[in-house]
Undergrad: 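Can you keep this structure in mind? I'll have questions shortly.
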Amino acid sequence: MSFPKIRMRRLRSSDSMRRLVRQTALSVDDLVYPLFVREGKGLKQPIKSMTDCFHFSPDTIAAEALEVASLRIPAVLLFGLPGKKDDIGSQAWAEDGVVQRSIREIKKAVPELLVITDVCLCAYTDHGHCGLVKDGKIDNDPTCELLAKIALSHAQAGADIVAPSDMMDGRVRYIREALEGNGFENVAIMSYAAKYASAFYGPFRDAAESTPAFGDRRTYQMDSAASAEQAMAEIALDIEEGADIVMVKPALAYLDIIYRARQRFDCPLAAYNVSGEYMMVKSAAAAGLLDEKATTLEVLTAIKRAGANILITYFAKDVAKVLLDKPMG
Ligand code: PBG
């Protein structure tokens, strides 16, 4: 069967027709909004490297969380910038740490909003690596013990989901054991399972002040040219170790990985539309080269169509406004 019996354009002939045959629909239920909290008071400081993103402090974060929840976004993802850094990142598991206090503030103000916390050392260590450094190398197993301590401290403060982003081997197992052993068996783990060493994290590293002081992250984050099977192995291991949700990161340059993971695994799949992807759209729109709203919707629809059902994006509030028919911005 072919032309003229088949005319592909028939089903594109009007907006109603296109809506009827459409398959991928974005929903506010898919969205996770990342937030940055830093030591200080009364802060809502614009982040230079990330347009329309801010540094909040623990006393201002609840107001922002309320706004996020009012847009019906189900979850925020918290990143912390401590007042002081040291070689082991000890502020990362401090009971009165910036993230721990922020979790309590958010949970007090908006208990129904899910709080996901980034579990990593890079913003807390003076060398900026995601793990402990021994003889110039990142020391895997002792790092896992600290990551479990961080995750537990977040759970104790009230986090619903902990999200290890460090890419150490075995960290999901350490975290799952620490949670189970301390009465937090219902705290979920969303692992950054297939996380690539990526140039797209540039704006975030300025925002989180987490650029490594020496070397790079290539001995722990995945190589972008590695086989897709390596990504599947990373994801399978994390699921086996106790991850409830797995993530592919970045999203746009890794849609093939998202697609494969969706075919292979049944658990919820998150994709992180990272800072560099965000700023490519923002800066092109600011330069008058792209329509920001249309580009954003197209990008996020593609990530969902590839198979992700959780979209972590700095565009979350804007998209929620579009989906709820409110003006963007
Ligand atoms: C920390 C972490 C990074 C991101 C999330 N968690 C940076 C990195 O690994 O260097 C990047 C997020 C983004 O670019 O939006 N390990």
Side-chain angles (χ1 to χ4, degrees), residues 31-38 47-55 76-82 85 89 91-92 98-99 116-125 127-133 138 140 143-144 146-147 150-151 154 161-168 171-172 175 189-224 234 245-254 270-283 296 299-300 303 308 310-316:
L31 301 171
V32 175
Y33 187 55
L35 286 172
F36 298 90
V37 278
R38 74 180 317 157
I47 296 175
K48 279 199 195 75
S49 61
M50 295 176 66
T51 313
D52 297 334
C53 294
F54 299 86
H55 283 129
V76 291
L77 170 59
L78 288 187
F79 292 96
L81 287 81
K85 306 189 189 220
Q91 277 303 303
V98 67
V99 164
I116 311 175
T117 56
D118 186 79
V119 174
C120 199
L121 284 170
C122 59
Y124 299 86
T125 51
H127 46 71
H129 275 290
C130 303
L132 291 170
V133 176
I138 311 308
N140 193 85
T143 298
C144 288
L146 295 186
L147 294 165
I150 300 171
H154 292 172
I161 303 176
V162 292
S165 66
D166 52 283
M167 287 301 279
M168 297 302 124
R171 87 276 207 215
V172 173
I175 292 172
I189 299 175
M190 175 171 78
S191 73
Y192 290 66
K195 174 174 176 178
Y196 287 86
S198 170
F200 287 99
Y201 306 151
F204 173 95
R205 288 186 188 167
D206 282 342
E209 297 171 4
S210 65
T211 306
F214 65 90
D216 53 39
R217 306 208 200 288
R218 292 182 179 278
T219 69
Y220 41 104
Q221 298 180 345
M222 289 184 63
D223 188 294
S224 62
E234 283 282 4
I245 302 169
V246 290
M247 189 203 298
V248 174
K249 177 187 173 187
L252 266 193
Y254 300 88
Y272 201 141
N273 179 225
V274 301
S275 57
E277 303 172 46
Y278 171 75
M279 284 308 291
M280 285 199 303
V281 175
K282 279 282 184 193
S283 22
T296 300
V299 162
L300 294 177
I303 298 169
I310 299 173
L311 308 173
I312 305 169
T313 175
Y314 305 99
F315 285 116

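As the structure is a prediction and not an experimental result, all values here were calculated from the model. Remember, it's 1-based here, ligands and their atoms both numbered in the order they're listed.
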Undergrad: Tell me whether K282 forms a cation-pi arrangement with Y314, defined as NZ or CZ under 6.0 Å from the six-membered ring centre and within 45 degrees of its axis.
TA: no

Undergrad: Once you round to the nearest 0.5 Å, how far does NE2 of H55 lie from CG of L35?
TA: 11.0 Å

Undergrad: Please work out which of F204, Y201, Y220 has its closest non-hydrogen atom nearest to atom 3 (C) of ligand 1.
TA: F204

Undergrad: So if I count the atoms of ligand 1 from 1 in the order they appear, which ones are less than 4.0 Å from some heavy atom of C122?
TA: 1 (C), 16 (N)

Undergrad: What atoms of ligand 1 come closer than 4.0 angstrom to any heavy atom of D118?
TA: 6 (N)

Undergrad: Using a strict 4.0 Å threshold on nitrogen-to-oxygen distance, state whether E209 and R38 make a salt bridge.
TA: yes

Undergrad: Tell me which protein heavy atom sits closest to atom 15 (O) of ligand 1, plus the residue, atom name and distance to 0.1 Å.
TA: Y314 OH, 2.6 Å

Undergrad: Mark up the atoms of ligand 1 that fall under 4.0 Å of a heavy atom belonging to F79, in ascending order.
TA: 5 (C), 6 (N)

Undergrad: Checking a contact table here: which protein heavy atom is nearest atom 14 (O) of ligand 1, and how many Å away?
TA: S275 OG, 2.7 Å

Undergrad: State the CD1-CD1 distance between I245 and I161, to the nearest 0.5 angstrom.
TA: 4.5 Å

Undergrad: For M279 versus M50, what's the shortest heavy-atom pair and its separation?
TA: SD-CA, 3.7 Å

Undergrad: Can you name the closest pair of heavy atoms from D118 and Y192 and give their distance?
TA: OD1-OH, 2.8 Å

Undergrad: Can a non-hydrogen atom of M167 be found less than 4.0 Å from any atom of ligand 1?
TA: no

Undergrad: Under 4.0 Å, heavy atoms only, figure out whether ligand 1 is touched by the backbone of Y278, its side chain, both or neither.
TA: neither

Undergrad: Please could you name the atoms of ligand 1 that Y272 approaches to less than 4.0 Å, counting only its heavy atoms?
TA: 12 (C), 15 (O)

Undergrad: Pull out every atom of ligand 1 sitting under 4.0 Å from any heavy atom of C120, numbered as shown with elements.
TA: 16 (N)

Undergrad: Below 6.0 angstrom between ring centroids: does that apply to Y196 and Y201?
TA: no

Undergrad: Considering distance alone, does some N or O of R205 sit under 3.5 Å from an N or O of ligand 1?
TA: yes

Undergrad: When you measure from atom 16 (N) of ligand 1 to every protein heavy atom, which one gives the shortest distance, and what is it?
TA: K195 NZ, 3.0 Å

Undergrad: Tell me, which protein residue and heavy-atom name are nearest atom 11 (C) of ligand 1, and how many Å apart are they?
TA: K249 NZ, 2.9 Å

Undergrad: Under 4.0 Å from any heavy atom of R217, which atoms of ligand 1 are there?
TA: 8 (C), 9 (O), 10 (O)

Undergrad: How far apart are the closest heavy atoms of I189 and P164, and which atoms are they?
TA: CG2-CD, 3.9 Å

Undergrad: Can you name the nearest heavy-atom pair linking M190 to A270, along with the distance?
TA: SD-CB, 4.0 Å

